[in-house]
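The structure presented is a predicted model; accordingly, all values stated were derived computationally and were not measured.
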Amino acid sequence: AQRGAEKLPPKLIEAAVDKALDVTFANNPPTDTNFGRMLNQLIQFGNKLPPTMSPAAFPRFMYNNLKFLYQYSPLGALDIPRQAYRGGNVPRAIARTMIGTSMFLLAYQIRKDQNLAGGKWYELKARNRTFDMRPFGPFSTYLFFGEAARRWANGERPMSFREWAEALGSSTAPGG
């Protein structure tokens, strides 16, 4: 196995490691901007706190989760001109935006349907049972935004601070 590894180009190994960090939400923010450097400092500070004292048990994961939700949402369309200007991957930005928009619209339709929507934003009804969807991020976060849009469209009370905290932390919170 070692002989085969010696033949792999270092750039290929680096690209594989970067991709693995990206898909597992474990990579650090880029450090080429002041904002990226500040985020890295916040992550380092958060990693030094005991998990029981930290407001975010996994700050790097939370950063990557928010980045994912931005890219895979209608807001991801804001990246398309930037990608085009910088010579980036425009088709990828378009695809991510379309996938995220579809997920949001599906979640919105679920939250509007009394046969599918549970009593809380994270509940889904199926086969005469109610399921807690919080452990199934990122879809649970789309359910949150679907519920927020449903409430706004119906003139109901907005989502509470507690609901926002549950939604943004739902990918790491136990439930179900």
Side-chain angles (χ1 to χ4, degrees), residues 22-27 29-30 33-36 38-39 42-43 46 51 54-86 88-176:
D22 189 45
V23 299
T24 58
F25 289 13
N27 55 352
T33 65
N34 286 335
F35 183 68
M38 180 192 70
L39 286 174
L42 286 172
I43 288 170
S54 176
F58 304 102
R60 188 177 319 152
F61 177 87
M62 299 278 292
Y63 156 76
N64 285 293
N65 188 35
L66 291 174
K67 180 178 82 170
F68 174 89
L69 290 170
Y70 168 77
Q71 291 172 338
Y72 288 84
S73 76
L75 292 175
L78 298 173
D79 273 349
I80 295 169
R82 185 176 59 87
Q83 293 290 341
Y85 177 75
R86 293 186 177 176
N89 194 336
V90 174
R92 177 184 290 163
I94 292 170
R96 287 177 172 175
T97 299
M98 290 174 63
I99 291 168
T101 301
S102 298
M103 294 285 285
F104 168 71
L105 292 173
L106 173 64
Y108 178 70
Q109 291 301 320
I110 287 171
R111 294 306 307 163
K112 280 179 39 176
D113 188 332
Q114 293 182 356
N115 295 319
L116 295 173
K120 298 180 180 160
W121 66 264
Y122 53 82
E123 292 179 342
L124 180 68
K125 293 191 287 190
R127 298 184 181 173
N128 298 322
R129 292 181 61 195
T130 301
F131 298 93
D132 182 344
M133 298 301 291
R134 288 177 293 180
F136 302 102
F139 187 66
S140 58
T141 311
Y142 288 103
L143 286 173
F144 171 78
F145 286 112
E147 175 65 12
R150 185 197 67 75
R151 289 184 189 182
W152 180 78
N154 292 332
E156 297 176 20
R157 71 166 179 85
M159 305 300 277
S160 69
F161 177 79
R162 180 184 174 133
E163 290 169 319
W164 277 96
E166 285 177 346
L168 296 177
S170 66
S171 293
T172 59

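- Annotation: salt bridge (charged side-chain N to carboxylate O under 4.0 Å, His left out) contacts of Arg162 (sequence neighbours excluded): Glu166.
- Evaluation of the ring pair (Phe, Tyr, Trp, His ring centres under 6.0 Å) rule for Phe144 yields Trp121, Trp164 as partners, not counting sequence neighbours.
- Residues passing the ring pair (Phe, Tyr, Trp, His ring centres under 6.0 Å) test with Phe139, sequence neighbours excluded: none.
- Listed by first then second residue, pairs satisfying salt bridge (Lys or Arg N to Asp or Glu O under 4.0 Å) with a partner in residues 139-158 read Arg111-Glu147, Glu147-Arg150, Glu147-Arg151, Arg150-Glu156, Arg151-Glu163, Arg157-Glu163, not counting sequence neighbours.
- Scored by the ring pair (Phe, Tyr, Trp, His ring centres under 6.0 Å) test, Tyr108 finds no partners at all (sequence neighbours excluded).
- Partners of Arg82 under the side-chain contact (heavy atoms from CB on, under 4.5 Å) rule, at least two apart in sequence or in another chain, are Asp79, Arg86.
- Partners of Asn34 according to the side-chain hydrogen bond (donor to acceptor under 3.5 Å, both in side chains) rule, which considers only residues two or more places apart in sequence or in another chain, are Arg37.
- Shown here are the salt bridge (charged side-chain N to carboxylate O under 4.0 Å, His left out) partners of Lys67, two or more places apart in sequence or in another chain: Asp22.
- Taking Lys125 as the reference, Thr130 meet the side-chain contact (heavy atoms from CB on, under 4.5 Å) condition, with sequence neighbours excluded.
- In this view, Ser102 satisfies the side-chain contact (heavy atoms from CB on, under 4.5 Å) rule with no residue, not counting sequence neighbours.
- The stretch residues 89-103 participates, sequence neighbours left out, in no salt bridge (Lys or Arg N to Asp or Glu O under 4.0 Å) pair at all.
- For Leu124, the side-chain contact (heavy atoms from CB on, under 4.5 Å) criterion is met by Ile110, Leu116, Met133, not counting sequence neighbours.
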